[in-house]
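Only a predicted model underlies this, so the values are computations on that prediction, with no experimental measurement involved. A, B, ... follow the sequence lines: proteins, then strands. Residue 1 opens every chain.
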Protein chains: 2
Amino acid sequence: MHELLLKHIAMHISLSPDEEQYFLKAVTLRKLRKKQFLLQEGDISKGTAFVIKGLLKVYSMDRNGVEHIIQFAPPGWWAGDMKSYKTRQPATLFIDAIEDTEILWIRREDLDQLYTQIPVLERFFRILAENSVINYQERLIGTLSLPAAERYYAFCSKYPSLIEQLPQKYVASYIGVTPEFLSKMLKNKTA
Amino acid sequence: MHELLLKHIAMHISLSPDEEQYFLKAVTLRKLRKKQFLLQEGDISKGTAFVIKGLLKVYSMDRNGVEHIIQFAPPGWWAGDMKSYKTRQPATLFIDAIEDTEILWIRREDLDQLYTQIPVLERFFRILAENSVINYQERLIGTLSLPAAERYYAFCSKYPSLIEQLPQKYVASYIGVTPEFLSKMLKNKTA
DNA sequence: CTGTTTTCTTAATCTACATTAAGCATCCGG
DNA sequence: CCGGATGCTTAATGTAGATTAAGAAAACAG
């Protein structure tokens, strides 16, 4: 059940079997049905999720009620509202399940304790956060400097499996165009 | 000379005086003249800079030669190309000095060593990276969901001192519009 | 100072993408 | 297996912001 998480950790640091078991004790399995919320705007995020099955989306909603997806979380990815998690302020993000999903959940208090008990976990989450910075920087550069069609191609080559799995409108939201415009773009490309 | 850095570190973790001194030994002072590059596209980033005086900008350049500023670094801020730094691949970003600037420079090999000698530094840089993630997420949401005028107001309220210090065209680049359009926006607001 | 470079402004024109409003195709739950 | 969501497409029209091209103003170096 938890092999995916351990494998993921082992990619960046090494834990002893004892440490692994100790870490897993802090983790609980949670299941979400399609469309179920893991977090809504206004909630206070009390932990972080590691997806082992299914697919989550993390998004904000603008004042017109339009969703802007800032991240998809397929198996092997983490999802959370970092700001709410760290500051204990109400979340500005939503997280929900695009399809039935299973996650491993770590509460903040538990992770904070683990940091002192297994200090190398600091390194692990440092590396995760640094990789995340790189990703958001690249995405920001894309939205500032590339036309929509190229953002779409970039998405396809970065996440080829998601393209097949996802309703087109979510891809549109992620790359920052309306579903209508993406539809038109794809038609013209083929013609 | 290095008080700003120590103060900055002490905001997030606490080091013993010995550790502080040891850390500072890895750091070297460098000066940049206005317009001087700290990093150019294609270089391999060998370290990270902490600004103590002056002002840097971190930006990418698109195929039309237009700069897209992804970060300003005034005193108390870090600047670098995280991707090049971590992967040792050629940088895709530029960093240069908007005005004469002094930085404290840490080489990657030295910081990697320091992580094992002063493990709590892992925590420090984890927290930095996490805060950075929060910032980029918020900025991404802004570019996806807010019109240019509101991105400008958001910038003003987040970085009031930079507004006065910066040539307007750099603010335009940061919020993602042309200098011409920002000029027009500001005129219409007043009228 | 003085000429050159850099920055800011103005205005006309253009375009990528949004909006609105249909209609059609699917899918899914009861 | 049927009715209502949900998702995709098409097309007409609208608009935020880009582009181009000036010239004015400010900063800056020699």
Side-chain angles (χ1 to χ4, degrees), chain A residues 33-36 54-55 57 59 61-69 72 96-100 140-156 162-191, chain B residues 33-36 54-55 57 59 61-69 72 96-100 140-156 162-191:
Chain A
R33 309 309 266 308
K34 183 172 178 169
K35 295 196 177 181
Q36 189 180 335
L55 183 58
K57 62 180 157 70
Y59 59 98
M61 198 170 297
D62 68 24
R63 46 175 154 292
N64 307 315
V66 178
E67 286 184 15
H68 298 276
I69 296 177
F72 296 108
D96 64 24
I98 292 180
E99 41 186 80
D100 290 356
L140 182 63
I141 291 168
T143 67
L144 293 176
S145 63
L146 297 178
E150 298 192 34
R151 298 201 302 273
Y152 179 77
Y153 297 138
F155 182 88
C156 291
L162 282 183
I163 280 288
E164 292 161 24
Q165 191 181 0
L166 280 174
Q168 195 167 293
K169 64 173 186 167
Y170 293 143
V171 178
S173 170
Y174 184 95
I175 66 175
V177 296
T178 56
E180 292 85 353
F181 187 71
L182 177 55
S183 172
K184 191 206 257 181
M185 256 174 51
L186 294 177
K187 191 187 71 168
N188 293 345
K189 180 190 66 174
T190 319
Chain B
R33 308 311 265 308
K34 183 173 181 171
K35 294 197 177 177
Q36 190 179 336
L55 183 58
K57 62 180 157 69
Y59 58 98
M61 199 171 297
D62 68 24
R63 46 176 153 291
N64 307 315
V66 178
E67 287 184 13
H68 299 276
I69 297 177
F72 297 108
D96 64 23
I98 291 180
E99 40 187 82
D100 291 356
L140 181 64
I141 291 168
T143 67
L144 292 176
S145 63
L146 297 178
E150 299 191 33
R151 297 200 303 273
Y152 179 77
Y153 297 138
F155 182 88
C156 291
L162 282 183
I163 280 288
E164 292 161 25
Q165 190 180 1
L166 280 174
Q168 194 167 294
K169 63 172 186 168
Y170 294 143
V171 178
S173 170
Y174 184 94
I175 66 174
V177 296
T178 57
E180 293 84 355
F181 186 70
L182 177 55
S183 173
K184 190 206 258 182
M185 255 174 51
L186 294 177
K187 192 186 69 167
N188 294 344
K189 180 190 66 174
T190 319

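Atom P of nucleotide D:dC28 and atom CG of B:D100 are separated by 11 Å, given to the nearest angstrom. Atom-to-atom, CD1 of A:I175 to P of C:dC17 comes out at 9 Å; the value is rounded to the nearest Å. Remark: C1' of D:dG7 and CD of A:E180 are 11 Å apart, rounded to the nearest angstrom. Atoms CG (B:D62) and C1' (D:dA18) sit 12 Å apart, rounded to a whole Å. Between the OH atom of B:Y152 and the C1' atom of D:dA16 there is a distance of 18 Å, given to the nearest Å. When the C1' atom of C:dT15 is taken as reference, atom CZ of B:F181 falls 14 Å away, rounded to whole Å. The interatomic distance linking B:K184 (NZ) with C:dT13 (P) rounds to 13 Å, in whole Å. Separating the NZ atom of A:K169 from the C1' atom of C:dT26 is a distance of 13 Å, rounded to the nearest angstrom.
Side-chain atoms of B:S183 lie closest to C:dT9 of the nucleotides D:dT9, C:dT9, D:dC8. The side chain of A:Y170 lies closest to D:dG7 when the candidates are D:dG17, C:dT9, D:dG7.
Dashed line: the shortest gap from a side-chain N or O of B:T178 to OP1 or OP2 of D:dA18 is under 4.0 Å. OP1 or OP2 of C:dT6 has at least one side-chain nitrogen or oxygen of B:K35 nearer than 4.0 Å.
A:D62 contributes a side-chain N or O that, together with a main-chain N or O of A:N64, makes up a donor-acceptor pair within less than 3.5 Å. A:D100 contributes a side-chain N or O that, together with a main-chain N or O of A:K34, makes up a donor-acceptor pair within less than 3.5 Å.
The residue among B:L182 and B:K34 whose nearest nucleotide of DNA chain D is located toward the 5' end is B:L182.
With a 4.5 Å cut-off on side-chain heavy atoms, A:R63 and B:L146 count as touching. The shortest distance between side-chain heavy atoms of A:F72 and A:K57 falls below 4.5 Å.
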